[in-house]
Amino acid sequence: EDNKNINLQVQFMHPFEGNYMNMEKPKAFGVLDGRKKIDLLQTLKKKKVKGFETWEAVYRIKRPGDKIFFVEPAPYWEPAEEIFIIHYSKVIVNALGLEKGWDSEVGMKTEIIPLSRPYGLWAGNVFQGIVKVDGKPMPYARVEVEYFNQDGKIKPPAQPYITQRVKADKNGVFTYAMPKAGWWGFAALSTADFKLKHNGKKYPVEIGAVLWVKTREMK
């Protein structure tokens with residue numbers, strides 16, 4: 001009886017502060033459904049949000065099991081820091097009650113693999129994941145955590161409250177307890193082993209493994 005359509009929003013933004021950036025069409029967008037990786041790039045449609053270019057898509061569930069939606073964005077040039085930014089992002093959706101596949105690896109350049117089931121989470125639950133780069137755990141990876149402050153009602157008392165920061169252990173495993181219901185974004189950041197050109201000069205590339213999870217209040 002569940003709705004079979006999954007609505008996906010593909011946006012580049014600061015989730016707590018609500019500041020958007022224009023997003024070019026991604027290089028890759030798809031879903032890992034069981035062992036099958038499905039290309040969904042052509043299903044993306046442009047959508048203006050607060051005057052900025054974002055993307056959206058609809059995916060129809062055909063069978064039970066976890067679906068791992070993923071995106072590889074086009075490199076974003078950040079002039080203030082003189083770096084390119086590529087955040088390889090994913091979200092895991094449980095479909096029709098079959099809890100199978102949530103810890104599968106998409107195989108992106110950098111990726112967070114959940115150690116905690118990434119759905120069915122209450123506010124206050126602890127979430128754990130392992131950070132990988134090129135398929136190998138990244139020791140002491142730095143992980144930034146932000147809440148999607150969708151309505152802007154939460155006012156941080158100071159700058160450090162906007163972005164939470166934790167470090168993974170020597171095995172690349174990080175832990176964070178989410179204090180409020182809503183969407184939480186985890187971004188494990190590192191520097192790529194390649195550079196990209198801008199105006200004829202090569203610059204470093206910040207790569208991020210991004211994973212979104214949702215919590216609910218226990219009522």
Side-chain angles (χ1 to χ4, degrees), residues 6-24 26 46-57 69-71 73-94 110-112 114-129 131 140-169 173-191 206-219:
I6 303 294
N7 297 304
L8 299 147
Q9 298 176 14
V10 185
Q11 305 172 344
F12 189 34
M13 65 179 300
H14 294 283
F16 193 96
E17 297 164 289
N19 298 327
Y20 286 79
M21 285 80 80
N22 283 315
M23 186 175 185
E24 296 181 19
K46 288 184 182 180
K47 181 181 180 181
K48 288 280 188 179
V49 177
K50 296 183 178 180
F52 291 90
E53 191 169 287
T54 72
W55 302 83
E56 64 178 6
F69 296 95
F70 61 90
V71 60
Y76 178 87
W77 170 245
E78 176 51 74
E81 299 180 51
E82 293 193 330
I83 60 170
F84 283 94
I85 298 173
I86 305 175
H87 285 178
Y88 302 82
S89 305
K90 64 182 186 180
V91 64
I92 300 163
V93 179
N94 176 248
T110 182
E111 190 170 356
I112 293 174
L115 294 178
S116 307
R117 189 184 61 184
Y119 50 80
L121 295 165
W122 297 114
N125 278 170
V126 165
F127 181 78
Q128 280 193 319
V131 180
Y140 307 112
R142 58 190 178 101
V143 182
E144 296 186 349
V145 187
E146 278 201 23
Y147 179 73
F148 184 25
N149 189 15
Q150 192 167 6
D151 52 14
K153 288 183 179 178
I154 301 175
K155 306 299 181 184
Q159 188 72 22
Y161 290 87
I162 295 173
T163 305
Q164 306 288 299
R165 288 181 170 86
V166 298
K167 286 183 70 173
D169 65 15
V173 175
F174 69 89
T175 304
Y176 183 80
M178 299 161 289
K180 185 174 176 60
W183 283 100
W184 290 87
F186 296 85
L189 307 176
S190 58
T191 301
E206 176 194 276
I207 54 174
V210 177
L211 176 65
W212 282 94
V213 301
K214 188 175 185 178
T215 59
R216 297 182 186 274
E217 292 289 352
M218 185 178 286
K219 296 181 179 179

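Under a 3.5 Å cut-off, the side chain of K153 and the backbone N or O of Q150 do not form any donor-acceptor pair. Side-chain atoms of T215 come within 3.5 Å of backbone atoms of G182 as a donor-acceptor pair (strictly under, hydrogens ignored). Under the 3.5 Å distance criterion, the side-chain polar atoms of Q11 are left unmatched by any main-chain donor or acceptor of M13. For the pair S116 (side chain) and Q128 (backbone), a donor-acceptor distance under 3.5 Å is present.
Under the salt bridge (charged side-chain N to carboxylate O under 4.0 Å, His left out) criterion, K47 pairs with E56, not counting sequence neighbours. With sequence neighbours left out, R117 forms a salt bridge (charged side-chain N to carboxylate O under 4.0 Å, His left out) with E99. Applying the side-chain contact (heavy atoms from CB on, under 4.5 Å) test to I154 and every residue at least two apart in sequence or in another chain returns F16, Y147, N149, K180. Listed by chain and number, the residues in a side-chain contact (heavy atoms from CB on, under 4.5 Å) with Y140 are K167, K170 (sequence neighbours excluded). Considering only residues two or more places apart in sequence or on other chains, K46 meets the salt bridge (charged side-chain N to carboxylate O under 4.0 Å, His left out) condition with E53.
Using a 30° and 60° split on the angle between ring planes, Y176 and W184 fall in the tilted class, from 30° to 60°. The aromatic rings of W212 and F148 sit perpendicular, their planes meeting at an angle over 60°, well past the 30° parallel limit.
Considering all non-hydrogen atoms of both residues, E24 and A74 come closest at OE1-CB, 3.9 Å. Nearest heavy atoms, T54 versus Y20: CG2-CD2, 4.1 Å. Looking at every heavy atom in both residues, P114 comes nearest to L211 through CG-CD2, 4.1 Å.
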Compile the donor-acceptor pairs under 3.5 Å between side chains in residues 159-166 and protein atoms, sequence neighbours left out, one pair per line.
unit_1: T163; atom_1: OG1; unit_2: E146; atom_2: OE2; d: 2.6
unit_1: Q164; atom_1: NE2; unit_2: Y161; atom_2: O; d: 3.4
unit_1: R165; atom_1: NE; unit_2: E144; atom_2: OE2; d: 3.4
unit_1: R165; atom_1: NH2; unit_2: E144; atom_2: OE2; d: 3.3

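Annotation: Y76 is in aromatic contact with F12 [ring centroid separation under 6.0 Å].
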